[in-house]
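Written out below as structure tokens is the structure these notes cover.
Because the structure is predicted, anything quoted here is derived from the model rather than measured.
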Number of protein chains: 2
Amino acid sequence: MTEIISDLYHVKDKLYAAADCIIFGFEGGRIKLLLFRRRVEPLKGEWSLIGSFVRLDEDVSEAAKRVLKEITGLENVFMEQLKAYGKADRDPGFRCLSIAQYALIRINEYDEELVEKHGAHWFNIDEIPDLVLDHNQMVADALKRLKQKARYQPIGFELLPEKFTIPQLQQLYEAIYQRDLDSRNFRKKLLSLNVLIKLDEKDKSSSKRGAFLYKFDDKNYQKLLESGYNFEIA
Amino acid sequence: MTEIISDLYHVKDKLYAAADCIIFGFEGGRIKLLLFRRRVEPLKGEWSLIGSFVRLDEDVSEAAKRVLKEITGLENVFMEQLKAYGKADRDPGFRCLSIAQYALIRINEYDEELVEKHGAHWFNIDEIPDLVLDHNQMVADALKRLKQKARYQPIGFELLPEKFTIPQLQQLYEAIYQRDLDSRNFRKKLLSLNVLIKLDEKDKSSSKRGAFLYKFDDKNYQKLLESGYNFEIA
DNA sequence: GTAATAATTGTAAAAAATACGCTCATTCTA
DNA sequence: TAGAATGAGCGTATTTTTTACAATTATTAC
């Protein structure tokens, strides 16, 4: 379907829906965003979010998963609908709704080759170029959502490797909230929640002493939720 | 447009978009929802959210405002997009996305005649009948959003008259959170935020002594936000 | 003028958030 | 191999916020 309609632009007598993905990663203490160069007219070659038209026989969320897998090779990652963008004039070519979804991926796990093949690149979140259509707005909205959501739900872990250190986790939250956190209080708070499993291994990539690795304890987290606990980080 | 396509159902080779409105009100200490009987096949006559197809030349948010005005006569009320519902099989008749929006209205201000003319009725939120399609899911999601949102943003005021008493406000929050609040602590917390303007009038509808009326102080609230304050109620 | 009703007020205790500095484990190098 | 360098890890005191809890006040109805 994409192929057919991408030839004729200015199709305003028919409705289309696109699934656009805001793909976040985390590396080197900074939040990253995966962008690629648009492959279809109009605006071919411009930086853009990764997206696709939604097929008529396909759920919107499936469309987003399909796109994500195409570009990164990843399945079963955290993905949530951000919102629908429905201005009549948002796309000069089509009357096209976009349902934006954001994904959090472990930057060490994606298929690098596949990403390069599609002409995609990781950008620091504070160095995003001009994007096509209303995609900059989508990114801004997604970042806002990420900030809000990270405070009350442990979605940050989706951006870290399965095994991570507490200083890494703190770095992540500092990147999301864009402010420094006190390491003693941060550690105290996190450990008090009882959702981290301490491993016997250390990560020595960033210090001579090495820092203990932890895993997220999803079982305990679910218990915590069921008990009506009001989860909150930093 | 609605008229044309409502004749032929089973149009699955074309995409439609609907704007469905979850309209909340508050009266007698209970959260209410405005529903009406569906006017088009399939499922004509069943209880349903109020909605309409989105016209091709119309913003999605405009479509929702249009519907709301048609039914209640109200404009400029709080309305926010909930999310898009995009399952391929969500509507047996059409391939139709729905962008659900929720509105908070002052139940004393709507146009009662207009509402009745459209066959609409107010239901207590815990007595919602079976609705068409995925509308029950939408209501559940909207309620969840309302609960979350009310805690960190003063949207509750949108459901009360311009002038309200503190006991009324407490009733509202008790209805939203579905738990009792301590009246001394509630009052203390609310007044400490400095976003209520005490008036010289009293409301005597619920007590012999009468309770002082207050207005929401939007200016002070905006100041509070700008100063980076972390607003939280109850 | 007395009973009834809901509105209003204060204080003490507990819990959570914040501020803050030193020691530890390990590696590197002199 | 001793000592310097580096980030990891820990504890305590202070402040702020939240919670728990009961008596008084203004007004109306009898």
Donor-acceptor pair under 3.5 Å: do we get one between [X]'s side chain and the base of [N]?
X: B/Arg184; N: D/dA22; value: yes
X: A/Arg209; N: C/dA25; value: no
X: A/Lys188; N: C/dT18; value: yes

So, is [X] close to the [N] phosphate, meaning a side-chain N or O under 4.0 Å from OP1 or OP2?
X: B/Lys208; N: D/dA29; answer: no
X: A/Lys189; N: C/dA17; answer: yes
X: B/Arg187; N: C/dT8; answer: yes
X: B/Thr165; N: C/dA6; answer: no

Problem - Closest non-hydrogen atom pair between B/Leu143 and B/Phe24, with its separation - result: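 Minimum heavy-atom contact is N-CZ, 4.0 Å.
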Exercise for the section: Quick one: label B/Lys204 by what it contacts on the DNA or RNA (base, sugar-phosphate, nothing), any heavy atom closer than 4.0 Å. Expected result: sugar-phosphate
Exercise for the section: Measure from CD1 on B/Ile166 to P on C/dA6 and round the result to the nearest Å. Expected result: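 The answer, rounded to whole Å, is 18 Å.
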Exercise for the section: Return the orientation label for the A/Phe216 and A/Tyr221 ring planes: parallel under 30°, perpendicular over 60°, tilted otherwise. Expected result: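 Tilted.
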Completion exercise
By nearest-nucleotide position on DNA chain D, the 5'-leaning member of A/Ser206 and A/Lys198 is A/Ser206
Exercise for the section: For A/Asp182 and for A/Ala211, find the nucleotide of DNA chain D with the closest heavy atom, then tell me which residue's nucleotide is more 5'. Expected result: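 Result: A/Ala211.
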Exercise for the section: Verify whether the ring centers belonging to A/Phe26 and A/Trp122 lie closer than 6.0 Å. Expected result: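 No: the rings miss the under 6.0 Å criterion.
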Practice task
Look at A/Lys189 together with A/Glu232 and state whether they make a salt bridge at an N to O cut-off of under 4.0 Å.
Solution key: no
